[in-house]
Amino acid sequence: MNTVAFHTLGCKVNQYDTQAMLEKFREAGYAIVPWNEDADVYVVNTCTVTGTGDKKSMQIARRLRREHPLSEVVLCGCLAQRKGAELLDTGARLILGTQHRGEVVTLLEKAVKDGTQMCAVDALTAETPFEELNITDQEDHTRAIMKIQEGCNNHCTYCIIPSVRGPIRSRPLEDVVREAQKLADAGYKELVLTGIHLTSYGRDLQDNVGLIDAIEAVQVISGVERIRLGSLEPGVATEEFARRLGRCNKVCPQFHLALQSGSDTVLARMARRYNTAMYLRSAEHLRSVFPMAAFTTDVLTGFPGETETEYQETCAFVEKMAYARIHVFPYSQREGTKAAVMPGQLTREEKERRARGLIALGERLAAAYQEKWLGKESTVLLEEQLPEGWVGYTPEYIRVLVASCPACRQGVQLPVRLTAVDGEGMKGELI
């Protein structure tokens with residue numbers, strides 16, 4: 001075996017985990033090949049947050065067995081953690097959950113040598129440690145995802161993730177600094193701090209640190225020009241948090257503040273730990289420091305028992321927040337969650353109707369947010385050259401197209417004036 005290909009489903013945390021496994025294979029002498037090419041080994045990092053994630057993961061596993069019968073298949077990630085040995089029926093050589101990713105090569109080669117299938121999925125408990133994975137490279141040569149937290153203790157009624165990612169575990173602060181410096185030395189200008197429940201960072205550590213301490217530690221690292229944050233819970237955005245964040249001039253003012261529903265009664269049934277008044281207060285703390293900040297969020301519609309009135313409350317709250325972007329998901333029943341057996345399950349057609357309405361609202365709000373930037377100045381971190389010019393992103397994660405110039409190259413941050421809304425992004429003129 002000397003070639004390996006990877007496919008990742010799901011979130012940024014999965015993307016980080018895939019990169020860490022990729023580097024383990026590379027260290028062992030394997031050549032990394034594109035997913036659509038023939039390979040000796042195929043690694044699928046699965047997702048189970050929705051039924052769609054399950055379906056896509058299983059479709060890929062079955063297609064690999066059909067189209068590449070002589071290749072070895074590794075199934076890892078959240079669906080693998082949830083299903084475990086059940087997935088051996090796919091013909092995969094190795095089933096790896098959300099632990100032991102650092103041992104993926106050793107475990108695979110042992111299973112091949114023994115001529116057996118292996119399921120290396122362990123139960124996740126309070127004693128399960130933070131798995132020390134490291135990366136030095138990513139496909140995106142300007143932005144690197146850095147996982148600093150794992151697991152979640154919230155147990156929202158609709159969510160399967162705590163059972164497949166385990167309780168909260170945080171990366172020690174000195175390790176966060178060490179990896180951030182390595183990525184900066186490798187040329188990455190923007191670091192994205194992420195985790196399964198990023199807001200919980202530090203709660204399990206002994207040295208009384210929190211997420212803001214990790215941000216401040218990365219802020220002072222030479223070579224890091226931008227710090228972008230993954231999904232946040234409203235509870236983290238206190239006045240003190242916002243004030244300290246405002247002193248970190250590398251922080252990108254784009255905040256993915258988790259919502260799920262804009263109806264207080266639905267939030268209560270979801271067992272979310274906030275209501276809309278608390279959410280608004282958190283957003284106001286951040287907006288008082290970053291007045292042009294982009295707020296993005298996830299909205300889950302069609303939750304069991306969601307009435308038309310509750311749906312309209314969510315639409316009104318989304319409009320009030322004036323989000324720069326929203327991701328809309330129809331509710332998906334997950335076996336083993338409390339919501340799966342709640343009364344008042346909506347039909348697929350009704351959930352999709354409500355999702356379409358929110359998507360249309362989100363598109364209108366996204367355009368309105370971009371229009372606020374017309375004529376204003378920002379900076380763009382250039383990522384890719386196209387025939388019509390260079391594309392990059394502002395700190396608020398607005399995609400901007402600028403004309404090519406002698407100073408333009410990947411990874412350079414340049415000042416621009418935003419001049420036009422252009423589809424999903426904007427056009428800009430270099431200053």
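Residues: numbered from 1 along the sequence shown.
Looking only at atom types and distance, the side chain of T314 has a donor-acceptor partner in the side chain of S261 under 3.5 Å away. Side-chain polar atoms of R169 and Q149 form no donor-acceptor pair below 3.5 angstrom. When only modelled atom types and interatomic distance are considered, T265 and S263 share a side-chain donor-acceptor pair under 3.5 Å. Residues H68 and Y42 bring a donor and an acceptor atom of their side chains to less than 3.5 Å of each other. Side-chain contact annotation: T136 with E23, donor-acceptor N/O pair under 3.5 Å present. Side-chain contact of Q312 with E308: a donor-acceptor pair under 3.5 Å is present, judged by distance alone. Side-chain atoms of E396 and T394 form a donor-acceptor pair, as typed in the model, at a separation below 3.5 Å.
Residue pairs that meet the salt bridge (Lys or Arg N to Asp or Glu O under 4.0 Å) test with at least one member in residues 122-131, sequence neighbours left out, are R101-E131. The side chain to side chain donor-acceptor pair (under 3.5 Å) analysis of residues 45-54, with sequence neighbours excluded, yields the pairs T18-N45, T48-D54, T48-R82, T48-R334, D54-R82, D54-R334. For residues 368-380, the set of pairs meeting the salt bridge (Lys or Arg N to Asp or Glu O under 4.0 Å) definition, not counting sequence neighbours, comprises E377-R417. For residues 253-273, the pairs satisfying salt bridge (Lys or Arg N to Asp or Glu O under 4.0 Å) are E233-R272, R269-E310, with sequence neighbours left out. For residues 281-292, the set of pairs meeting the salt bridge (Lys or Arg N to Asp or Glu O under 4.0 Å) definition, not counting sequence neighbours, is empty.
Paired with Q15 under the rule side chain to side chain contact (heavy atoms under 4.5 Å, CB included), one option of L9, T8, V192 passes, and it is T8. Between R226 and the choices V251, L191, T379, the side chain to side chain contact (heavy atoms under 4.5 Å, CB included) rule is met once, by T379.
Residues meeting the side chain to side chain contact (heavy atoms under 4.5 Å, CB included) test with V49, sequence neighbours left out: C47, I161. Shown here are the side chain to side chain donor-acceptor pair (under 3.5 Å) partners of E150, two or more places apart in sequence or in another chain: K147, R165. Residues passing the ring pair (Phe, Tyr, Trp, His ring centres under 6.0 Å) test with F317 are Y279, sequence neighbours excluded. Partners of E363 according to the side chain to side chain donor-acceptor pair (under 3.5 Å) rule, which considers only residues two or more places apart in sequence or in another chain, do not exist here. In terms of the salt bridge (charged side-chain N to carboxylate O under 4.0 Å, His left out) criterion, residue partners of E132 (sequence neighbours excluded) are, by chain and number, R171. Take H327 and apply the ring pair (Phe, Tyr, Trp, His ring centres under 6.0 Å) test, not counting sequence neighbours, and it matches H256. Checked against ring pair (Phe, Tyr, Trp, His ring centres under 6.0 Å), Y323 has no partners two or more places apart in sequence or in another chain.
Within a 6.0 Å sphere centred on NZ of K351, other residues, nucleotides and ligands contribute more than 12 heavy atoms.
Between F25 and Y30, the angle of the ring planes goes over 60°, which puts this pair in the perpendicular group of the 30/60° scheme.
Residues E319 and R364 are paired through a salt bridge, judged by an N-O separation under 4.0 Å between the basic side chain and the carboxylate. A salt bridge links R244 with E216: the closest approach of a Lys/Arg side-chain nitrogen to an acidic carboxylate oxygen falls below 4.0 angstrom.
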Worked verdict on H197 versus N153 for side-chain hydrogen bond (donor to acceptor under 3.5 Å, both in side chains): CA-CA 8 Å; H197 194 258; N153 291 353; over 6 Å; no
Chi angles and distances behind the side-chain contact (heavy atoms from CB on, under 4.5 Å) call for Y16, I135: CA-CA 8 Å; Y16 178 94; I135 66 170; 3.7 Å; yes
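For F295 and Y369, the gap between ring centers reaches or exceeds 6.0 Å.
Here the CE atom belonging to M321 is positioned 11.0 Å from the OG1 atom belonging to T276, to the nearest 0.5 angstrom. Atom OG1 of residue T301 and atom CZ of residue R356 lie 11.5 Å apart, to the nearest 0.5 angstrom. Here the straight-line distance linking atom CG of L64 with atom OG of S71 works out to 8.0 Å at 0.5 Å rounding.
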